[in-house]
Amino acid sequence: MSECCTNVTRRTPGRRALLVSAIVAVAVSAFPGVAGAATPPTGRQIRATILRAVEALNRAQRPDGRWPDYAQKGGVTALVVYAMLQAGVSPEEKRAAAALEVVRRLKNESTYVVSLKVLALAAADPARYKAEIQTAVDWLVGLQHATGAWGYGRPPPSAIADLKVGGALQAARSEAELQRAYQRPDASNTQFAILALSEAGRAGARVPADLWRKADRHFRSTQLLGGGWGYVYHDPDPSEAYGSITAAVVASLQLCHERLAGQESSETTAERLAAIERGIEWIAQHYTLQENPNRELAWYYFWLYALERAGVTSGRRTFGDHDWFREGTALLARGQRGDGRWTDRLYHDALCLLFLAKGFKPLLVQRLEWQGKWRRDPRDLDHLVRFLGKRVGGDRVDWRSIASDSPLADYLAAPVLHVTGKGTLRMLAASVPRLKAYVEQGGLILFDAQGGDAAFSESVRRMVAEQFPGATLAALKAGHPLAQAVHRLTPKDIEVMAVGCRAAVVLAPKGIGDAWAAARPDRANEALRFGENLAAYATAGQRLPDRLSVATILEMPPDEPPAGDTLRVGQIQHDGDWRPRPFAVPAVLKDLADRFGVSVYSRPVPVRLTDPNLGTFAVLYLTGHHTFSLSDAERAALKTYLEQGGFVWAHACCGRAAFDKAVRDLVADLFPDAELEELPPDHAMYSGKVGTRIEEVGYSPAVKADLPKLDNPVLFGLERGGHLVMVYSPYGLADGLDGIKTFGARTVAPADARRLAINILLYALEP
């Protein structure tokens with residue numbers, strides 16, 4: 001199981017390690033170049049890859065629930081079932097249950113096997129296996145070396161027997177020497193022990209605080225000059241550092257930090273974070289997926305596994321210029337054999353499965369790396385996503401960091417952007433517009449003043465004022481959806497700014513990340529509850545896209561003069577929020593042109609109702625959220641437009657009552673002898689005479705909560721002279737046109753909203 005499990009006294013690969021290298025060489029040679037050279041795999045392809053791997057491991061399982069051992073009894077079984085559980089296999093599934101029974105009964109003799117035992121049992125059911133986990137934890141605690149590290153444990157009886165019959169395992173010449181060899185600490189055993197103890201602690205097991213202090217001191221004291229780590233610790237030569245061990249120690253230090261931060265001096269915390277940063281820099285400088293950096297192909301799959309751990313625990317999207325998860329999944333998807341295996345070693349395949357399964361959680365939030373004192377402590381977001389668990393969208397969610405100069409599509413990979421730190425928020429001039437674009441494309445930014453830093457908050461207010469003229473940050477009120485989305489909270493020291501339909505900018509001037517970091521993820525506090533509200537609001541109750549999906553960027557068509565025979569849609573400018581969703585109508589106009597061949601200008605033209613050219617518009621579009629009013633001249637012009645054959649398409653953008661009332665009042669004022677009437681089910685708008693036949697439509701949860709049986713389209717029309725001159729939807733349609741999620745909106749389901757919008761415009765533009 002170890003990187004050096006066949007040789008505890010030497011660093012160089014033994015015969016078996018070289019055999020593994022040969023196997024890896026064959027596997028890697030099957031990949032067409034470095035990952036990313038071909039078309040990246042989709043989330044569906046990776047899910048299929050994971051399923052094939054699970055099925056292949058199932059086929060290799062023996063009837064007694066075991067998988068064949070490699071070097072240490074029970075280790076492969078524990079690792080494989082742990083990987084399968086991480087891949088979503090239920091612990092109640094027959095094969096997994098049989099394997100867990102084997103793991104439960106494994107003796108506590110080897111650091112690797114005991115660590116994997118803890119990982120498997122904690123992943124399966126920490127309450128059910130509480131006693132076994134605690135016994136294993138106590139064994140690991142007792143095995144910690146005075147240096148803070150771990151060795152192999154006790155030599156198994158087979159090793160002693162091998163020694164006695166002249167097998168001379170390693171270079172040991174006596175049982176005492178063999179005992180010392182097994183107890184000699186190394187980084188590989190240590191990182192497995194730390195991972196197991198961390199998961200055990202999260203599952204409720206008792207782990208002494210001093211254990212983490214000793215391990216932390218050990219890792220920091222053994223970091224080599226170049227920032228990396230090697231397998232053993234008595235040689236300061238930087239060339240001894242290599243990829244799998246460096247990545248594993250980076251992850252281990254993050255786990256120590258999780259346990260120790262807040263219980264020690266700020267200097268010690270800073271030293272640890274600095275050591276982690278140096279380790280991450282070493283990985284960035286040596287990154288490759290063609291080999292295990294500085295060890296060629298030896299222990300290659302341990303490198304992939306450790307890379308995943310380092311990336312996930314630190315929230316790193318990239319190491320250097322490399323998107324490690326996207327490149328790694330591409331490599332593994334292309335390298336999987338037809339039988340679902342990658343190699344002839346079961347534990348290598350389990351490590352590949354762990355890379356795919358543990359890194360595939362959808363992203364909820366990204367932390368922005370900016371040019372200043374941005375927060376490098378990962379505990380806040382780690383605690384938040386662990387607290388959320390499967391509360392958001394039915395999946396466990398994750399977080400990562402993102403550089404401020406990343407392309408907009410990368411910003412849009414998560415619905416929440418966390419911008420936090422101390423001091424003036426400094427960003428490259430070219431990066432600042434990305435924040436505005438991110439918001440306009442549906443993202444939500446949480447500006448979080450670390451420690452209540454006033455300079456940070458003031459710089460945010462200046463930036464917001466510059467990027468969003470006329471918009472203001474205002475105190476969050478108790479009735480706002482952000483204060484009620486899941487938990488009813490009394491907000492304190494939270495400011496919000498709306499963009500269109502949504503609260504898109506949130507400022508916590510007193511800070512909230514510190515409270516997340518200090519909280520226990522298994523015990524909700526006010527800050528974590530607000531975090532859940534924020535997550536529910538940003539996702540609008542919808543499932544997050546998979547980790548490998550590429551965000552669609554909404555683009556406004558160029559503002560070019562339309563051709564002389566091109567139909568135009570005008571968007572009515574009124575004294576309310578007349579343009580809350582600028583990308584919505586261009587999207588449906590593009591559909592009209594591409595799918596139905598309608599010669600229509602690609603974007604709505606803002607127009608005042610007093611414009612002398614009002615009659616040149618084939619359709620006028622009216623939307624908003626709040627009440628609005630028109631001047632006498634505007635009302636008169638609109639009435640004339642309608643009486644002369646014009647057409648108005650109106651909808652309450654998010655289905656709010658204030659806009660609905662304003663529309664109905666406007667119609668009553670213009671035409672006291674008429675009123676908006678609901679269109680019958682056989683109306684041409686639904687029958688298929690134009691566009692598609694529409695009999696049933698879906699609605700958002702907010703609508704279904706009030707009207708659970710509603711499943712028919714609801715449109716109201718106004719007739720003048722026997723002709724329909726206005727169509728109005730009291731339920732919003734914009735979500736289905738631009739795809740931007742809106743929490744709590746009273747809307748038509750996206751696909752149906754697009755169909756309705758197409759039919760409305762085809763009807764209005766019909767000759």
Are [X] and [Y] linked by a side-chain donor-acceptor pair shorter than 3.5 Å?
{"X": "Q191", "Y": "R309", "answer": "yes"}
{"X": "E258", "Y": "Q254", "answer": "no"}
{"X": "Y152", "Y": "N189", "answer": "no"}

Got a donor-acceptor contact below 3.5 angstrom from the [X] side chain to the [Y] backbone?
{"X": "D69", "Y": "G74", "value": "yes"}
{"X": "W67", "Y": "L57", "value": "yes"}
{"X": "S401", "Y": "G315", "value": "yes"}
{"X": "Q134", "Y": "R206", "value": "yes"}
{"X": "Y300", "Y": "Q290", "value": "no"}
{"X": "E296", "Y": "A298", "value": "no"}
{"X": "Q72", "Y": "G75", "value": "no"}
{"X": "R547", "Y": "K361", "value": "yes"}
{"X": "W342", "Y": "H348", "value": "no"}
{"X": "E281", "Y": "G227", "value": "no"}

First locate atom [atom1] of [X], then atom [atom2] of [Y], and finally report the distance between them rounded to the nearest 0.5 Å.
{"X": "L143", "Y": "T111", "atom1": "CG", "atom2": "OG1", "value": "4.5 Å"}
{"X": "Y347", "Y": "Y70", "atom1": "OH", "atom2": "OH", "value": "4.0 Å"}
{"X": "L106", "Y": "E132", "atom1": "CG", "atom2": "CD", "value": "11.0 Å"}
{"X": "I283", "Y": "H322", "atom1": "CD1", "atom2": "NE2", "value": "12.5 Å"}
{"X": "R379", "Y": "L260", "atom1": "CZ", "atom2": "CG", "value": "10.0 Å"}
{"X": "D216", "Y": "L211", "atom1": "CG", "atom2": "CG", "value": "11.0 Å"}

Look at atom [atom1] of [X] and say whether more than 12 heavy atoms of other residues, nucleotides or ligands are closer to it than 6.0 Å.
{"X": "K214", "atom1": "NZ", "value": "yes"}
{"X": "R59", "atom1": "CZ", "value": "yes"}
{"X": "D339", "atom1": "CG", "value": "yes"}

Minimum heavy-atom distance [X]-[Y], with the two atoms named:
{"X": "Y82", "Y": "L119", "value": "CD1-O, 3.5 Å"}
{"X": "A196", "Y": "V118", "value": "O-CG1, 3.4 Å"}
{"X": "A200", "Y": "V137", "value": "CB-CG2, 3.4 Å"}
{"X": "S188", "Y": "Y112", "value": "OG-OH, 2.6 Å"}
{"X": "A60", "Y": "P68", "value": "O-CD, 3.9 Å"}
{"X": "I50", "Y": "A87", "value": "CG2-CB, 3.8 Å"}

Side-chain heavy-atom pair [X], [Y] within 4.5 angstrom cut-off:
{"X": "F219", "Y": "I194", "result": "yes"}
{"X": "W212", "Y": "S198", "result": "yes"}
{"X": "D514", "Y": "D380", "result": "no"}
{"X": "T147", "Y": "P185", "result": "yes"}
{"X": "S115", "Y": "L195", "result": "no"}
{"X": "L384", "Y": "W399", "result": "no"}

Test side chain to side chain contact (heavy atoms under 4.5 Å, CB included) on L548 and F325 and set out the steps. CA-CA 9 Å; L548 294 176; F325 184 69; 4.0 Å; yes

Using a 6.0 Å distance limit plus a 45 degree cone around the ring axis, check whether R345 lies over the aromatic ring of Y301.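 The answer is no; the distance or angle limit is not met.
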
Check whether NZ of the Lys or CZ of the Arg R316 lies under 6.0 Å from the centre of the six-membered ring of W324 and within 45 degrees of that ring's axis.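 Relative to the ring axis of W324, which defines the angle, R316 lies outside at least one limit.
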
Is it true that [X] and [Y] have a side-chain N and a carboxylate O under 4.0 angstrom from each other?
{"X": "R295", "Y": "E291", "answer": "no"}
{"X": "E101", "Y": "R104", "answer": "yes"}
{"X": "E199", "Y": "R202", "answer": "yes"}
{"X": "R62", "Y": "D64", "answer": "no"}
{"X": "R272", "Y": "E264", "answer": "yes"}
{"X": "D323", "Y": "R326", "answer": "yes"}
{"X": "R337", "Y": "D349", "answer": "no"}

Report the C-alpha separation of D377 and H257 in whole Å, then their side-chain angles, then the decisive distance to 0.1 Å, and conclude whether the side chain to side chain contact (heavy atoms under 4.5 Å, CB included) test is met. CA-CA 9 Å; D377 187 339; H257 181 70; 3.0 Å; yes

For the pair R341 and L346, evaluate side chain to side chain contact (heavy atoms under 4.5 Å, CB included) and give the outcome as yes or no after the intermediate values. CA-CA 8 Å; R341 300 285 300 276; L346 286 168; 3.7 Å; yes

Of W303, F302, W282, W299, which meets ring-ring contact (aromatic ring centres under 6.0 Å, His included) against Y242?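 Result: among W303, F302, W282, W299, W299 is the only option passing the ring-ring contact (aromatic ring centres under 6.0 Å, His included) with Y242.
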
Checking side chain to side chain contact (heavy atoms under 4.5 Å, CB included) for the pair R220/T268: CA distance, chi angles, key distance, verdict? CA-CA 10 Å; R220 288 189 285 115; T268 301; 3.7 Å; yes

